[in-house]
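In what follows, chains are A, B, ... by sequence order, proteins preceding strands, each numbered from 1.
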Amino acid sequence: MSDRDAARPTPRIPRGFRDLFAADLAARRQMVQTIIGVYERFGFEALDTPAFEYLDVLGKFLPESDTPAGGVFALRDDDEQWMALRYDHTAPLSRFYAQHGNRLTNPFRRYQVGPVWRQEKPGPGRFREFYQCDFDTVGTDSMVADAEICAVVATCFEALGIGRGDYILKVNNRKVLGGVLDAIGLPQDQSGGRLTVLRAIDKLDRLGEDGVRLLLGKGRMDASGDYTRGAGLAAEQIEIVMGYLGACVSDRQEVCGRLRELVGGSEEGEEGVRELEEIHDLLDAMDLGPDQVLFDPSVVRGLAYYTGPVVEAVLTFEVEEDGEKRELGSLLGGGRYDDLVERFTGEKIPATGASIGVDRLLAALEALGRLEADRAERPVVITIFERDRMADYQRMASDLRSAGIAAELYLGKKGFRQQLKYADKRDSPVAVIAGSNEFEGGTVTLKDLRLGKKLSREITDREKWKEQPAQVSVKREDLVSGVRSLLERHS
RNA sequence: GCCGGCGUAGCUCAGCUGGUUAGAGCGCCUGAUUGUGGAUCAGGAGGUCCCCCGUUCAACCCGGGGCGUCGGUACCA
């Protein structure tokens, strides 16, 4: 190996990142457009913010130190200030609102679509760069805004072809969760213990009831032999929490009733239940039934900033890949965060919103085979016979393009046979063929590549194949109309 | 972060109880077919068997370390 070889980089990308090519991008673009359409119909306005924010704006300094916390991609600018790639769209929104709130309408409703970055271990359907479609309402504490989140999401899903019954939105309220913790005698100041309980609750769907019981009590040993310390609750306390987790039934009002008992007079808990009841009425008014939105007490949604109602969405069917069931995880997360803006201004500004995970949704639809076919327009390929007549070929391309038809010249150096292979691989609908015969006669030959592909399945005889049933000859001046009629055959 | 599986051609994967020339299918290239994508047939190109160190007369295979990847678990705005 020479020194030069040693210095030659291996082409590769960092783990958790990906290249997306034409079909992926077309699918994503289509999905994002559908989602944006719904957001705008609900009155949200577009906002875009930079990929980088200062680290203190994101709130990701390690406590008592000037180094970034884990989980963010951070670097130091030339003025020594730490900045980091945004890890969601909510923190930049808070910053934007704190900075420009006086010039914005109040309440302020905006959506933001784009990539976010998290420096953590990638997993199945989990990347370090991924797209989120976020929408939020800042400046109102009305439960209407929270209930509307459900309507927005349900509308999006259904517009994307995920019908009623295929998905379920799960709503809970952090205040109820807090109330239950009050009720079992875990006070606010025992934040460590409360966190451990919340973490345990969050794992219900993965570890099941027994796993959660262990985590609430002494702790749990997992399959790999790793031991997780539990919350150390007493048996009676565990029973209350498990009862709470079991309170999810299809009747939302009944859930509220059960929760009211479980929070045992906790003021915070009572308030949470009242909020849920209000949301229930609003959902009813929007015709969102229990087949679309459920109250599920096990929903925690992370540990950080949510202060009230929280929501997540899951698909109700299982997806198999390579014969194995695939866990799709949550396709959307959101909730109310009433003190996020306060960090900047000292003023308490209520806000609520949610974020659709585009990549997971895309993966789900793809696994289901419900992705609409790649609709990106494939170009007509103009093959080249006589290299000294490039101007004539170029004119054909211009004519087609002027008529709004995607077209390209074959730009390689290979022979005609290879040019057609190229067009085939490109999934081009039509090849334009013009050699000396055509030029002499003032015609062009148009080959319907899609029809040809179809016919080739039936033709096994070389001579029949050579008859070229998928080709037509038209006058040069009829190039555009001729191509158009071939394109229309298959649309 | 911790635990485990895997890493052989562009892709999917075989193979070797360690023995010198490492295979298949698909894909790719050339031709049969002076101007026609398919099918068929005949040829062909393509591999540091992930990297480094060690054991050995001999390592793609065994041992150690690393990297990557996949899965579980922890953390997660």
Side-chain angles (χ1 to χ4, degrees), chain A residues 1 5-6 10 12-16 53 58-60 69-72 84-94 116-124 126 128 132 134 195-196 198-200 202-203 206-207 211 215 219-229 300-306 322 324 326-327 330 333-335 337 340 355 381 383-386 410 414-439 445-471:
Chain A
M1 188 188 279
D5 285 337
T10 320
R12 74 219 137 99
I13 53 176
R15 70 170 197 284
E53 295 279 355
L58 294 178
K60 295 303 283 186
V72 292
L85 289 171
R86 64 179 178 225
Y87 53 81
D88 67 11
H89 292 308
T90 310
L93 169 65
S94 308
V116 301
W117 297 267
R118 295 185 189 180
Q119 189 173 47
E120 58 189 18
K121 187 192 152 185
R126 205 171 174 179
R128 300 207 291 177
Q132 290 202 324
D134 198 280
L195 279 182
T196 310
L198 290 182
R199 278 197 267 263
D202 202 24
K203 294 188 175 77
R206 206 150 38 85
L207 303 182
L215 286 175
R220 174 177 178 275
M221 183 87 75
D222 69 44
S224 69
D226 225 16
Y227 185 74
T228 311
R229 273 194 64 165
V300 178
R301 287 311 306 166
L303 307 168
Y305 54 58
Y306 292 120
D322 302 329
E324 281 180 30
R326 242 192 85 169
E327 198 54 56
S330 170
Y337 47 99
L340 212 57
S355 207
V381 170
T383 57
I384 308 298
F385 260 100
E386 323 233 319
Y410 174 76
K414 293 181 175 169
F416 183 55
R417 185 188 173 78
Q418 287 299 322
Q419 297 189 32
L420 282 179
K421 284 186 99 146
Y422 168 85
D424 182 47
K425 222 186 249 179
R426 223 153 159 9
D427 200 21
S428 167
V430 174
V432 176
I433 301 166
S436 53
N437 299 345
E438 284 83 357
F439 283 120
T445 299
L446 304 180
K447 188 179 181 84
D448 184 336
L449 294 169
R450 295 198 168 144
L451 176 61
K453 191 173 280 182
K454 213 173 102 199
L455 292 177
S456 78
R457 276 182 227 120
E458 297 146 21
I459 299 177
T460 52
D461 166 356
R462 177 83 198 156
E463 290 311 307
K464 270 230 172 74
W465 177 248
K466 282 180 86 168
E467 284 168 20
Q468 296 308 336
Q471 280 180 204

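Distance, A:Leu420 CG to B:U36 P: 9 Å, rounded to whole Å. Rounded to whole angstrom, the span from the CZ atom of A:Arg126 across to the C1' atom of B:C75 amounts to 9 Å. Rounded to a whole Å, the NZ atom of A:Lys453 is 15 Å from the C1' atom of B:U36. Atom CD of A:Gln119 is separated from atom P of B:A77 by 16 Å (rounded to the nearest Å). Taking atom CZ of A:Arg15 as the reference point, atom C1' of B:G68 lies 10 Å away to the nearest angstrom. Put simply, NZ on A:Lys447 is 10 Å from P on B:G38, counting in whole angstrom units. Taking atom CG of A:Asp424 as the reference point, atom C1' of B:G38 lies 8 Å away to the nearest angstrom. Distance A:Leu215 CG to B:U73 P: 11 Å, rounded to the nearest Å.
A:Phe416 and A:Phe385 have tilted rings, their planes meeting at an angle from 30° to 60° on a 0 to 90° scale.
In this entry B:C60 has no Watson-Crick or G-U wobble partner, no candidate having both defining distances under 3.5 Å. Pairing for B:C26 goes to B:G10, judged as Watson-Crick or G-U wobble with the two contacts each under 3.5 Å. Under the Watson-Crick or G-U wobble criterion, with both distances below 3.5 Å, B:U34 is left unpaired in every strand shown. Pair check for B:G71 finds B:C3; Watson-Crick or G-U wobble, both atom distances under 3.5 Å. B:U48 makes up no base pair with any nucleotide shown, lacking Watson-Crick or G-U wobble contacts both under 3.5 Å. Pair assignment for B:U20 gives none, since no Watson-Crick or G-U wobble pairing has each distance under 3.5 Å.
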Can you pull every protein N or O that's under 3.5 Å from an N or O on nucleotides 26-30 of chain B?
residue, atom, partner, partner atom, Å
B:C29, OP1, A:Gln418, OE1, 3.4
B:U30, OP2, A:Gln418, NE2, 2.7

Heteroatom pairs (N/O) under 3.5 angstrom, protein to nucleotides 39-46 of chain B:
residue, atom, partner, partner atom, Å
B:A39, N6, A:Arg462, NH1, 3.3

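Side-chain atoms of A:Gln471 and A:Thr445 include no donor-acceptor pair closer than 3.5 Å.
For the C1' atom pair drawn from B:A45 and B:G7, the interatomic distance equals 25 Å after rounding to whole Å. One C1' atom belongs to B:G10, the other to B:C28, and the distance between them is 8 Å to the nearest Å. B:G23 sits 14 Å from B:G19 when the P atoms are compared, rounded to a whole Å. Rounded to the nearest Å, the gap between the P atom of B:C75 and that of B:G1 is 16 Å. Taking the P atoms as reference points, B:G71 lies 24 Å from B:G15, given to the whole Å. Comparing B:C53 with B:G5, their C1' atoms sit 24 Å apart, to the nearest whole Å. Here the separation of B:G27 from B:A39, taken at their P atoms, is 7 Å to the nearest Å. Between B:U8 and B:C16, the distance separating the two C1' atoms is 11 Å to the nearest Å.
Taking the nucleotide of RNA chain B with the nearest heavy atom to each of A:Arg118 and A:Asn437, the more 5' of the two is matched to A:Asn437. Comparing A:Thr228 and A:Gly16, the nucleotide of RNA chain B nearest to each residue sits closer to the 5' end for A:Gly16.
Across all strands, A:Glu386 comes closer than 4.0 Å to no nucleic acid atom at all (heavy-atom distances). Nucleic acid contact for A:Arg206: sugar-phosphate only, since backbone atoms but no base atoms lie under 4.0 Å from a heavy atom of the residue. Within 4.0 Å (heavy atoms only), A:Val72 reaches at least one base atom of the nucleic acid. In this structure, A:Leu455 reaches neither bases nor backbone, as no heavy-atom distance under 4.0 Å exists between it and the strands shown. No contact: A:Thr90 has no heavy atom under 4.0 Å from any strand.
OP1 or OP2 of B:C75 lies within a sub-4.0 Å distance of a side-chain N or O belonging to A:Arg199. Residue A:Lys203 places at least one side-chain N or O under 4.0 Å from the OP1 or OP2 atom of B:C75. For the OP1/OP2 pair of B:G37 and a distance below 4.0 Å, the side-chain nitrogens and oxygens of A:Trp465 include at least one atom meeting the criterion.
Contact of A:Glu120 with B:G1 (side chain to base): no donor-acceptor pair of N or O atoms is detected under 3.5 Å. Between the side chain of A:Lys121 and the base of B:G72 there is at least one donor-acceptor pair of N/O atoms closer than 3.5 Å. With hydrogens and angles ignored, no donor-acceptor pair closer than 3.5 Å exists between the side chain of A:Gln419 and the base of B:U36.
Formation of a donor-acceptor pair under 3.5 Å by the A:Arg450 side chain with backbone atoms of A:Asp427 is found in this model. Panel note: side chain A:Thr228, backbone A:Gly219; no donor-acceptor pair is recorded below 3.5 Å. Using modelled atom types, one side-chain atom of A:Gln419 and one backbone atom of A:Ile384 make a donor-acceptor pair closer than 3.5 Å. No side-chain donor-acceptor contact under 3.5 Å links A:Tyr410 to the backbone of A:Ala423. A donor-acceptor pair under 3.5 Å is formed between the side chain of A:Glu438 and the backbone N or O of A:Gly435. For the pair A:Arg118 (side chain) and A:Tyr87 (backbone), a donor-acceptor distance under 3.5 Å is present. Put simply, the side chain of A:Arg128 gets close to the backbone of A:Arg15: a donor and an acceptor are under 3.5 Å apart.
Summarising the geometry, atom CG belonging to A:Leu93 is positioned 8.0 Å from atom CG belonging to A:Leu340; distances are rounded to the nearest 0.5 Å. Distance check: A:Lys414 NZ to A:Thr383 OG1 gives 15.5 Å after rounding to the nearest 0.5 Å. A:Leu455 CG to A:Glu467 CD: the interatomic distance, rounded to the nearest 0.5 Å, is 11.0 Å.
In this structure, of B:U36, B:A77, B:U73, it is B:A77 that holds the atom nearest to the side chain of A:Asp88.
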Requested in this report: Take A:Asp424 and A:Lys447 through the test salt bridge (Lys or Arg N to Asp or Glu O under 4.0 Å) and record every step on the way to the result.
Outcome: CA-CA 11 Å; A:Asp424 182 47; A:Lys447 188 179 181 84; over 6 Å; no
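You can call A:Tyr87 stacked on the base of B:A77; the centres are under 5.5 Å apart and the planes sit within 30°.
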